[in-house]
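The structure displayed is predicted, hence computed values, not measured ones. The basis for the numbers below is simple: all heavy atoms, side chains too, and nothing from hydrogens, waters or symmetry mates. In the text below, chain A, chain B and the rest are named by the order of the sequence lines, each starting its count at 1.
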Amino acid sequence: MGMNPKEKAPFLLAPLEKLIQWSRKNSLWPAQFGLACCAIEMMSTAASRYDIARFGMEVFRASPRQSDVMIVAGRVSRKMAPVLKTVYDQMLEPKWVVAMGDCASCGGVFNNYAVVPVDQIVPVDVYVAGCPPRPEALLDGLFMLQKKVQEQPVF
Amino acid sequence: MSTAEAVQKLENEHHNVIVNKRTFHDQTTLEIAKGNLKLVIAFFKSEGYDVLMDLSAVDYLEPEKHTLVVYFLHNSSTYERVRISLSAARDETIPSVTDIWLGAQWYEREVYDLFGVNFEGHPTMKRILMPDDWQGHPLRKDFSLMEVPVQFKHGVSPKVPSEIIPHVKSYS
């Protein structure tokens with residue numbers, strides 16, 4: 001910004017960190033990972049009635065390399081689990097994961113050989129309960145994530 | 001021609017091919033032996049039943065463990081359907097119909113994956129739904145449910161499914 005960083009850094013660091021945290025939380029770009037029925041509710045959250053663009057998250061990037069948060073919406077089957085891990089590994093730091101719905105959080109109604117809960121594959125930050133969760137519930141979970149992003153240390 | 005006429009023609013031309021015939025609400029099911037499968041399928045295809053709607057299976061534990069493989073044929077000009085079923089014991093192979101319908105490839109892979117029925121003459125017999133190194137065939141009735149006991153709050157402890165379903169209880 002034209003100032004000498006060595007002189008000004010200790011004075012400016014804390015507000016700069018707040019600025020970075022604020023800008024991160026208000027522009028979380030989700031990666032499309034809608035797998036099953038919860039994806040419909042995620043789509044309706046992104047639609048005009050429960051607008052997610054108010055909070056800066058309308059940009060659902062198709063490429064994981066350009067996204068911050070992965071909203072796992074739907075059941076993860078045992079064959080899909082390595083794919084999920086690959087997509088998570090391709091995301092750049094800092095990254096967060098939201099397990100949307102019952103099937104992603106804990107296996108949901110399925111208690112069998114095929115469905116795997118997401119936290120056995122990737123570390124999850126926020127669990128959103130519901131089958132499927134209402135758009136308001138998903139927005140509530142994303143607010144919790146925003147609060148977490150605001151408190152995460154940057155330096 | 002209609003299903004009844006086609007079945008009648010089959011009975012006239014090849015005797016003792018149909019082991020069992022059942023009609024219920026205009027739906028005809030023929031049970032045949034494994035050796036006559038290609039014959040019956042080719043006959044129905046020549047009679048106009050040119051679409052293989054589905055190739056599926058049902059697993060039974062009584063009287064002995066066997067799998068009933070079911071073929072649904074559909075006539076696209078008269079919209080008639082016929083169901084052909086044949087039973088395969090464990091570790092018995094069935095001739096494949098992939099040379100008649102290419103679409104049967106994935107159906108047969110699914111039946112192999114989930115029921116363990118091998119089809120001879122299939123180009124690429126490997127698993128399609130489960131991971132490639134999975135052991136076991138999940139939709140068999142003696143495959144355990146692989147359930148995880150769930151903790152509930154407020155002192156609630158419902159029964160796990162394998163204690164409720166009778167045949168699983170006896171085989172788990």
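In this structure, CE on B/M130 lies 8.5 Å from OG on A/S77, to the nearest 0.5 angstrom. Atom CE of residue B/M146 and atom CZ of residue A/R78 lie 5.0 Å apart, to the nearest 0.5 angstrom. Within the model, atoms CH2 of B/W134 and OH of A/Y113 stand 8.5 Å from one another, a figure rounded to the nearest 0.5 Å.
Note on B/F44 and B/L86: same hydrophobic cluster, where clusters join Ile, Leu, Val, Met, Phe, Trp and Tyr whose side-chain heavy atoms are under 4.5 Å apart, directly or indirectly. A continuous path of ILVMFWY side-chain contacts below 4.5 Å connects A/L28 to A/F55, so both sit in one hydrophobic cluster. Under the 4.5 Å side-chain contact rule for hydrophobic residues, B/L52 and B/V111 share a cluster. Hydrophobic clustering, with ILVMFWY side chains joined whenever heavy atoms are under 4.5 angstrom apart, keeps A/L84 apart from A/M100.
Around atom CG of B/D26, no more than 12 heavy atoms belonging to other residues, nucleotides or ligands sit under 6.0 Å away.
Looking at A/N111, its side chain does come within 3.5 Å of a backbone N or O of B/V148 through a donor-acceptor pair. One N or O on the side chain of A/K79 and one on the backbone of B/I128 form a donor-acceptor pair closer than 3.5 Å.
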